[in-house]
Visitor: 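Okay, handing you the structure first.
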4 protein chains.
Amino acid sequence: MNTFGTLYRLTTFGESHGPAIGGVIDGMPPGIAIDLDRVQAELDRRRPGQSAITTSRREDDKVEILSGMFEGKTTGTPIGFVIRNGNHRSADYGQLRHAFRPGHADFTYTAKYGLRDFAGGGRASARETACRVVGGAFARQALELKGIRIFAYTSQVGAVKIPLGYDEVDPSLIDTNPVRCPHAPTAAEMEQLIRRVKTDGDTIGGIVTCVAAGVPVGLGEPVYGKLSARLAEAMMGINAAKGFDYGTGFDVASMLGSQIIDPFETDSDGRIVTTRNHSGGIQGGISNGAPVYFRVAFKPVATLMREVATVDDCGNPTVLKAAGRHDPCVVPRAVPVVEAMTAITLLDSMIVAGKY
Amino acid sequence: MNTFGTLYRLTTFGESHGPAIGGVIDGMPPGIAIDLDRVQAELDRRRPGQSAITTSRREDDKVEILSGMFEGKTTGTPIGFVIRNGNHRSADYGQLRHAFRPGHADFTYTAKYGLRDFAGGGRASARETACRVVGGAFARQALELKGIRIFAYTSQVGAVKIPLGYDEVDPSLIDTNPVRCPHAPTAAEMEQLIRRVKTDGDTIGGIVTCVAAGVPVGLGEPVYGKLSARLAEAMMGINAAKGFDYGTGFDVASMLGSQIIDPFETDSDGRIVTTRNHSGGIQGGISNGAPVYFRVAFKPVATLMREVATVDDCGNPTVLKAAGRHDPCVVPRAVPVVEAMTAITLLDSMIVAGKY
Amino acid sequence: MNTFGTLYRLTTFGESHGPAIGGVIDGMPPGIAIDLDRVQAELDRRRPGQSAITTSRREDDKVEILSGMFEGKTTGTPIGFVIRNGNHRSADYGQLRHAFRPGHADFTYTAKYGLRDFAGGGRASARETACRVVGGAFARQALELKGIRIFAYTSQVGAVKIPLGYDEVDPSLIDTNPVRCPHAPTAAEMEQLIRRVKTDGDTIGGIVTCVAAGVPVGLGEPVYGKLSARLAEAMMGINAAKGFDYGTGFDVASMLGSQIIDPFETDSDGRIVTTRNHSGGIQGGISNGAPVYFRVAFKPVATLMREVATVDDCGNPTVLKAAGRHDPCVVPRAVPVVEAMTAITLLDSMIVAGKY
Amino acid sequence: MNTFGTLYRLTTFGESHGPAIGGVIDGMPPGIAIDLDRVQAELDRRRPGQSAITTSRREDDKVEILSGMFEGKTTGTPIGFVIRNGNHRSADYGQLRHAFRPGHADFTYTAKYGLRDFAGGGRASARETACRVVGGAFARQALELKGIRIFAYTSQVGAVKIPLGYDEVDPSLIDTNPVRCPHAPTAAEMEQLIRRVKTDGDTIGGIVTCVAAGVPVGLGEPVYGKLSARLAEAMMGINAAKGFDYGTGFDVASMLGSQIIDPFETDSDGRIVTTRNHSGGIQGGISNGAPVYFRVAFKPVATLMREVATVDDCGNPTVLKAAGRHDPCVVPRAVPVVEAMTAITLLDSMIVAGKY
């Protein structure tokens with residue numbers, strides 16, 4: 001399955017070391033003026049080589065739109081796009097032809113498909129997420145016309161956590177530092193930690209928090225298509241994601257009902273709202289108009305700049321040393337991917353609910 | 001959307017206070033002898049009124065199979081089933097006609113559909129999960145024929161946590177206590193906590209851990225249909241679920257790559273396996289043959305046995321006092337539901353992967 | 001796959017000789033007052049034993065609605081329903097345990113599933129279409145609120161054809177005769193033919209024509225979800241259907257472009273319309289506001305009241321003589337099924353197009 | 001919906017006058033050596049400008065494969081491809097900015113989407129079918145490995161019909177003439193007719209017959225996913241298709257059951273087969289091992305080389321004269337498209353049935 005979504009659907013293709021990656025956006029509402037520079041800008045936020053704490057591998061990641069737009073507007077027909085891959089030094093991958101890198105998908109892909117496109121991790125490469133960013137960038141512009149604003153940020157790296165709640169964050173600060181943490185002292189501490197880990201040839205995990213404000217009441221289908229379930233599926237489909245929770249999340253386990261239920265009141269505009277938001281903007285699987293917020297945990301990148309013992313595809317022991325250049329922490333570059341998958345999920349939910 | 005799954009599909013219907021709930025299981029492999037007593041036994045594990053720490057409301061929950069079986073075996077055609085609802089005292093629900101219960105789906109359903117089946121929570125009632133247990137019970141029997149065994153247990157209630165890892169648990173102990181925690185002293189402590197909370201008219205949250213052993217290599221689709229994403233969607237679709245993580249889960253955020261990657265080795269049978277299982281049996285979204293394990297966080301039940309301030313559907317303040325009988329902690333009864341959704345997801349994944 | 005539709009979805013279950021058949025309607029718009037007597041009346045039009053030219057087998061076919069309605073209106077939640085099967089004389093089917101009836105699905109089901117529910121044709125029985133009639137009856141009432149009217153009629157039996165175009169038919173005459181042909185002399189001729197064929201122990205084929213008036217402009221998705229393709233799929237899924245065409249249909253093969261294109265004009269209300277309707281109300285796969293009309297060809301019933309040579313499941317020759325009572329011509333009873341599948345397809349298309 | 005299929009899925013994008021068309025093939029079985037020259041050869045069969053009786057517009061239609069293959073074999077990951085569009089003389093389309101061409105999708109697209117990519121018919125252009133040919137060419141090579149052979153041919157143009165049954169045709173003769181009719185005298189007559197019609201500035205309709213031999217028993221899902229229904233949906237989704245029937249098709253209407261049922265016998269290999277094939281290889285919606293055959297009726301091309309009266313998008317009368325170069329008869333170029341959609345449908349059905 002390389003398609004995500006029900007009525008707003010993203011289908012992607014491409015390996016990191018073939019001629020191109022790309023995709024098809026289907027179900028885009030017609031008549032929407034799209035700022036293609038902003039689409040490219042979101043890709044640039046995900047791009048390798050953007051700062052000293054990401055991989056030094058540089059890729060251009062220029063998106064070419066092939067269809068679905070006419071005179072600057074969407075037409076309602078599918079939007080095909082490609083992102084050409086840069087110079088691929090396949091020589092680098094000689095050793096990987098037979099060895100299984102621990103923590104990677106090499107073994108499971110080989111077992112599933114009976115063969116492996118070993119160059120650059122093939123389809124399992126995080127490069128695929130560039131296509132999600134394109135799909136999300138179109139969705140985001142459609143959502144903004146309805147007053148929905150999405151932002152994500154790095155809320156934890158290693159043991160370093162942002163000391164602010166989701167509703168205390170100033171989104172304009174997110175991109176002021178390479179870690180994408182909207183709290184300068186924490187960002188500095190995270191950056192130091194990532195640099196230290198990198199020097200050790202090691203990698204480190206972290207958490208992205210995402211907020212969607214202005215979500216209308218009524219998105220999500222009860223029972224199996226809960227908005228929370230759709231978001232969970234979307235987030236857990238991102239490479240390296242290991243956990244998802246929304247609202248008060250895992251902390252609810254140790255809380256009392258009396259602490260956690262969000263009382264209703266009528267606000268000054270006569271709308272029924274909750275006075276707090278432990279629910280994360282979703283009740284019974286359906287959005288209630290409060291900000292939707294959730295967390296996604298990312299594991300440390302599995303490629304270490306050290307020798308690692310493993311086995312080859314015959315089961316014989318071997319030792320791998322990573323060639324190439326890799327991220328010491330995936331979290332800063334995961335931020336735009338989390339935003340993109342959120343935008344796709346919300347626009348899809350709006351269309352399914354008949355609200356777009 | 002009241003359907004879950006791609007090729008093994010469960011469609012359910014029914015409100016807690018109508019004549020019946022039920023569903024259709026589609027895609028059941030043919031020729032499988034089904035022990036219907038075991039199907040009923042799983043329903044009994046979910047049934048209200050089963051112990052002193054669940055709701056004292058008693059429901060029989062007898063499932064009637066209407067189709068899809070012939071001479072004791074599945075035929076490959078859809079399995080229709082109904083569970084008749086017991087005596088529904090709709091008089092109990094007078095006040096609920098207009099008031100929105102905090103923490104419930106009353107408000108969001110009303111906003112979405114423009115009207116509300118207020119009796120008993122309508123479709124948002126956890127009673128729907130009885131149908132999932134039926135769908136899971138059929139799937140489980142199919143999976144067992146392939147050597148797959150699923151068990152879930154209560155691993156946390158409030159601040160009380162089981163002191164055992166997923167691989168230290170003895171599944172035969174799970175149903176030896178009403179909390180469904182396979183560690184007697186912890187179970188006793190959890191039970192005490194739930195009783196105390198109940199006495200206060202309050203409720204409490206918790207965590208269910210689930211393990212699937214014997215899962216073959218190769219389940220899950222890369223990119224958007226990762227096994228981890230499917231499980232997340234399945235679990236987050238359960239009423240009151242607020243978080244999901246698998247393998248080392250949220251703890252990865254503060255770990256180093258060198259701590260977390262699972263080295264490969266060749267076992268005595270010549271199979272390639274990992275020497276530890278931080279991955280939770282899933283790498284690159286595809287099962288690797290190690291046990292799949294994950295956690296689901298459940299919030300405290302929103303219905304308190306106390307007066308609660310809220311608003312009615314005109315936005316006017318009102319006060320609610322729960323009538324009826326409710327669970328002080330949903331977790332023990334969520335255990336069979338988690339198992340059921342796991343079984344459905346795994347069987348579906350096997351069929352999609354062409355492995356059943 | 002026992003589910004039909006994208007957002008308005010019908011899932012059915014049940015064999016003709018089990019305890020019940022039934023289904024789930026998902027995606028029904030909320031707040032629609034449903035006349036359940038009309039639902040039952042449509043079932044009665046499909047019911048066996050309704051006239052001298054249908055099977056003399058009598059079935060009650062009383063539908064019981066189990067969910068999804070509250071105080072007479074749909075709630076937006078799924079509508080579960082069952083139709084109990086009458087007294088099933090399974091003794092009748094002894095010989096069928098091993099013999100493959102020619103023209104039936106006995107052989108293909110056995111080959112596909114490795115076993116067979118031989119009683120009454122199992123899932124391949126046309127009895128399943130009763131559930132489609134229920135799904136269609138709900139859809140029809142929703143469509144009528146939007147001004148859409150659907151009617152089908154018998155336009156051909158054997159060589160006897162109605163001498164009227166689809167736009168010359170008076171729908172109120174359809175149910176004035178047992179053949180459901182809205183042209184009395186033709187109906188009489190058809191009825192005679194069916195009686196003669198029945199006397200011979202034989203059966204005969206025919207054609208149903210269906211018309212949907214008031215269909216709004218814009219239903220159907222271009223490319224793969226054309227309204228014409230969805231209708232074709234819906235109709236060819238009905239038991240015994242062998243052909244589908246719409247508008248001028250197969251006759252276009254021998255026509256010139258200059259004869260067949262439908263010129264546009266502006267009508268007195270300022271709407272753009274076509275001056276004729278060779279297109280059958282669908283252009284480029286999308287409805288254009290003109291009446292949608294199409295034909296479905298049905299083969300003669302495969303069960304003859306004669307001895308028929310065949311083989312058993314070991315491939316040995318045997319002779320079958322049909323027990324039970326069967327229709328000499330399926331077409332009159334197929335009329336409400338064609339209408340039902342049309343209603344389901346149109347309502348689904350409206351919801352997908354965001355027009356309901 | 002720009003995706004076709006359940007597990008073998010083709011998603012396409014692109015307008016005839018943008019930079020490129022293309023698509024994504026998802027679900028391709030891994031490890032299959034693909035002859036890309038044969039893929040291109042099938043595209044060449046669909047290409048405009050291939051003979052004197054097709055449009056004289058020349059397009060290269062070179063397909064570029066972007067992913068999903070490694071060392072000459074499929075990898076199981078999605079196959080992205082693009083076909084660059086040639087020089088588009090958008091000046092030609094000035095008048096079409098506002099006028100609605102009769103028999104085209106101009107009006108319905110404008111009504112549906114509120115705007116129109118008027119150049120070259122936009123998404124409704126038959127150029128999209130080139131992508132189907134690519135999707136079908138991959139599927140065909142996979143099917144051939146299982147012994148399935150597909151061929152289609154022109155069986156009728158205007159009143160000229162091939163005098164051979166589907167089982168009397170020599171497929172090697174199909175491409176020996178530009179009409180793609182495997183009976184030389186008929187082909188000559190068809191070609192003459194098309195030339196005459198073209199001289200008149202008119203167009204003509206016709207019928208394609210398709211045969212799939214070697215289809216295994218058991219493809220197709222009973223009830224709503226019948227193989228016949230899937231094929232009908234596939235064929236009716238092709239531009240200009242107006243009718244579909246399989247086996248004896250519409251002729252069944254005037255036949256008796258005793259004439260049409262296909263008796264079973266055991267062949268010399270001990271397999272159960274039918275002695276004739278009115279069923280078209282499908283019984284109860286499931287393939288029975290006999291050749292699957294069906295017909296698709298195509299209307300005459302709507303673009304005449306004459307002045308045509310119509311209205312513009314304000315509803316005012318106007319006169320159109322087609323610029324550009326168009327086919328006088330679409331049928332010869334529809335032959336490879338019918339084959340492609342057949343291959344896609346069959347491979348998808350095999351995978352869904354767990355037989356690939």
Side-chain angles (χ1 to χ4, degrees), chain A residues 1-3 5-7 9-32 64-71 73-85 90 97 109-110 112-119 122-125 127-128 131, chain D residues 1-3 5-7 9-32 64-71 73-85 90 97 109-110 112-119 122-125 127-128 131:
Chain A
M1 288 302 194
N2 291 277
T3 297
T6 300
L7 293 183
R9 298 153 66 91
L10 175 67
T11 301
T12 66
F13 66 85
E15 287 79 39
S16 54
H17 284 66
I21 61 172
V24 184
I25 299 165
D26 200 1
M28 182 71 194
I32 296 182
E64 183 190 7
I65 305 297
L66 297 175
S67 65
M69 294 194 59
F70 189 64
E71 302 182 338
K73 288 186 176 169
T74 58
T75 59
T77 61
I79 296 159
F81 63 88
V82 291
I83 302 170
R84 293 276 158 185
N85 288 326
S90 42
R97 181 178 278 267
Y109 269 62
T110 304
K112 186 175 183 71
Y113 296 116
L115 85 180
R116 176 154 64 104
D117 177 359
F118 46 77
R123 183 68 179 155
S125 162
R127 182 156 175 71
E128 187 273 340
C131 297
Chain D
M1 287 304 193
N2 291 277
T3 297
T6 300
L7 293 184
R9 300 154 64 90
L10 175 67
T11 301
T12 66
F13 66 84
E15 287 80 37
S16 52
H17 284 67
I21 61 173
V24 185
I25 299 165
D26 200 2
M28 183 72 194
I32 296 181
E64 183 190 7
I65 304 298
L66 297 175
S67 65
M69 294 193 60
F70 189 65
E71 301 182 338
K73 289 187 176 169
T74 58
T75 59
T77 62
I79 296 158
F81 63 88
V82 290
I83 303 171
R84 293 275 158 185
N85 289 327
S90 43
R97 180 178 279 267
Y109 269 63
T110 305
K112 186 175 182 71
Y113 295 116
L115 85 178
R116 176 156 64 106
D117 177 359
F118 45 79
R123 184 67 178 155
S125 163
R127 183 158 174 72
E128 186 272 341
C131 298

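Each chain gets a letter, A, B and so on, in the order the sequences are listed, and its residues count up from 1.
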Visitor: For A/Thr74, which atoms come within 4.5 Å of any heavy atom of chain D: side chain, backbone, both, or neither?
Guide: backbone
Visitor: Give, as side chain, backbone, both or neither, the part of D/Asp26 having an atom under 4.5 angstrom from any heavy atom of chain A.
Guide: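 When you check distances to chain A, only side chain atoms of D/Asp26 fall under 4.5 Å.
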Visitor: What is the distance from atom OG1 of A/Thr75 to atom OH of D/Tyr109, rounded to the nearest 0.5 Å?
Guide: 9.5 Å
Visitor: Determine the minimum heavy-atom distance between D/Phe13 and A/Pro78, stating which atoms define it.
Guide: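 Between these two residues, the closest heavy atoms are CA-CG, 3.8 Å.
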Visitor: Would A/Arg9 and D/Thr3 count as a side-chain contact (heavy atoms from CB on, under 4.5 Å) if you check the C-alpha gap in whole Å, the side-chain angles of each, and the deciding distance to 0.1 Å?
Guide: CA-CA 10 Å; A/Arg9 298 153 66 91; D/Thr3 297; 3.7 Å; yes
Visitor: I'd like to check A/Val82 versus D/Leu66 (side-chain heavy atoms, cut-off strictly below 4.5 Å). Are they in contact?
Guide: yes
Visitor: Working to the nearest 0.5 angstrom, can you tell me the gap between D/Phe70 CZ and A/Arg123 CZ?
Guide: 15.5 Å
Visitor: At a 4.5 Å cut-off on heavy atoms, which part of A/Ile25 comes close to chain D: side chain, backbone, both, or neither?
Guide: neither
Visitor: Between A/Pro29, A/Gly22, A/Gly80, which shows the greatest number of heavy-atom pairs under 4.5 Å with chain D?
Guide: A/Gly80
Visitor: If you compare all heavy atoms of A/Glu15 against all heavy atoms of D/Gly68, which two are closest, and at what distance to 0.1 Å?
Guide: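 In terms of heavy atoms, the two residues are closest at OE1-N, 3.1 Å.
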